[in-house]
Amino acid sequence: ANAALAAYDPSAPTVDDVRAESSRRMRGMPFGGKTYQFDAESQGDIAGAGTLALAAIISGAQAGDHRWASPDADFVWLASDNTPTLMDAQTMLAFAQAAASWKREHIYAARLIKDMSPIPADYAANGRWPD
C-alpha cells in the first residue's frame, strides 16, 4: 500500500481528463472549409437531417436541388459563425456521414489514450487526435 501511495501522482492525467479533451475537440467539426457546432444537440440534428437527406435521395432528389426538404425554401445549415451553407440532399448526407466519422475518430483516439498506462502527460497534444 505504501508503494502505491508513493507512486501516486495527483497531477497525472486521468480518464476524465481524456474524456474532457475529446469533448472539447469535438465541439467544432470541419466540413467543406467551414466549422460546424457539434455538441450533443447538434449531433442529433445532423443525424436527423442526414436521414431526411437519404430519404430524399432515394425518392429522387437530384444534386443541385436545394429544395429537397421543402418546396418553399432552400435547405441551409448554419456554420458556427452563423453563416448559412446551402446544401442539396447529397451534400447533407455527406455532412452527416462526415459527422459520424468525426465522432468515431475521436472516440477511438480517446480509447487509445485511456488504454495507455500511465496516460501520457501530453494526452492533449494535437498529434494524438484527429484533425
Side-chain angles (χ1 to χ4, degrees):
N2 286 338
L5 285 174
Y8 175 70
D9 179 0
S11 67
T14 66
V15 167
D16 287 339
D17 294 329
V18 176
R19 281 189 197 117
E21 181 65 14
S22 180
S23 293
R24 183 191 72 77
R25 286 177 174 274
M26 275 197 293
R27 281 193 303 234
M29 186 192 88
F31 182 80
K34 295 183 179 183
T35 300
Y36 297 86
Q37 190 172 326
F38 201 67
D39 57 19
E41 183 177 358
S42 298
Q43 291 174 40
D45 293 345
I46 293 166
T51 301
L52 291 175
L54 179 59
I57 292 166
I58 291 169
S59 296
Q62 298 296 306
D65 175 9
H66 298 112
R67 297 203 168 197
W68 59 271
S70 168
D72 300 324
D74 288 343
F75 183 87
V76 296
W77 201 269
L78 295 178
S80 293
D81 64 2
N82 285 319
T83 59
T85 303
L86 194 60
M87 292 188 185
D88 58 18
Q90 291 76 5
T91 303
M92 183 62 231
L93 180 58
F95 179 54
Q97 290 170 326
S101 292
W102 180 249
K103 184 171 183 175
R104 182 180 60 252
E105 290 168 6
H106 282 82
I107 289 169
Y108 290 162
R111 177 77 271 151
L112 287 173
I113 295 167
K114 290 187 283 186
D115 285 346
M116 295 177 178
S117 183
I119 293 172
D122 71 342
Y123 71 94
N126 288 339
R128 295 192 180 276
W129 297 93
D131 293 331

Roughly how far, to the nearest 0.5 Å, is CD of Gln97 from CE of Met92? 10.0 Å
What side-chain donor-acceptor pairs closer than 3.5 Å can you find for residues 53-62, not counting sequence neighbours?
unit_1, atom_1, unit_2, atom_2, d
Ser59, OG, Ala55, O, 3.0
Gln62, NE2, Gly60, O, 2.9

Give the minimum heavy-atom separation between Pro13 and Ala121, together with the two atoms involved. CG-CA, 3.9 Å
Has Lys34 got more than 12 heavy atoms of other residues, nucleotides or ligands less than 6.0 Å from its NZ? yes
Interatomic distance, His106 atom NE2 to Arg24 atom CZ [nearest 0.5 angstrom]: 9.0 Å
If we only count heavy atoms from C-beta on, is the Val18 to Ile119 side-chain gap below 4.5 Å? yes
Nearest heavy-atom neighbours spanning Trp129 and Ala124: NE1-CA, 3.8 Å
Between Ser80 and Gln37, which heavy-atom pair has the shortest distance, and what is it? OG-N, 3.0 Å
Mind checking ring pair (Phe, Tyr, Trp, His ring centres under 6.0 Å) for Phe31 and listing every partner two or more places apart, or none if nothing turns up? Phe95
CA sep, side-chain torsions, deciding dist, call: Lys114, Arg19, side chain to side chain contact (heavy atoms under 4.5 Å, CB included): CA-CA 9 Å; Lys114 290 187 283 186; Arg19 281 189 197 117; 4.0 Å; yes
Quick one: do Thr83 and Asp81 satisfy side chain to side chain donor-acceptor pair (under 3.5 Å)? Show the steps, please. CA-CA 6 Å; Thr83 59; Asp81 64 2; 2.7 Å; yes
Option from Arg25, Gln43, Met29 for which side chain to side chain contact (heavy atoms under 4.5 Å, CB included) with Trp102 holds: Met29
Side chain to side chain, Asp74 and Arg67, heavy atoms closer than 4.5 Å: yes
If you round to the nearest 0.5 Å, how far is CZ of Phe75 from CG of Leu52? 8.0 Å
Applying side chain to side chain donor-acceptor pair (under 3.5 Å) to Asp45 and Ser42, what does each step give before you reach the verdict? CA-CA 5 Å; Asp45 293 345; Ser42 298; 5.3 Å; no
Verdict with supporting geometry, Tyr36 and Thr85, side chain to side chain contact (heavy atoms under 4.5 Å, CB included): CA-CA 10 Å; Tyr36 297 86; Thr85 303; 2.7 Å; yes
Between Pro84 and Val76, which heavy-atom pair has the shortest distance, and what is it? CB-CB, 4.1 Å
Any side-chain heavy atom of Trp68 within less than 4.5 Å of one from Gln90? no
Heavy-atom count check: over 12 atoms from other residues, nucleotides or ligands less than 6.0 Å from Asp131 CG? no
With a 4.5 Å cut-off on side-chain heavy atoms, are Thr91 and Trp77 touching? no
So do the side chains of Pro120 and Arg128 get within less than 4.5 Å of each other, counting heavy atoms only? yes
Kindly indicate whether the side chain of Tyr123, heavy atoms from C-beta on, has any atom under 4.5 Å from the side chain of Met116. no
Between OH on residue Tyr108 and OG on residue Ser22, distance to nearest 0.5 Å: 13.0 Å
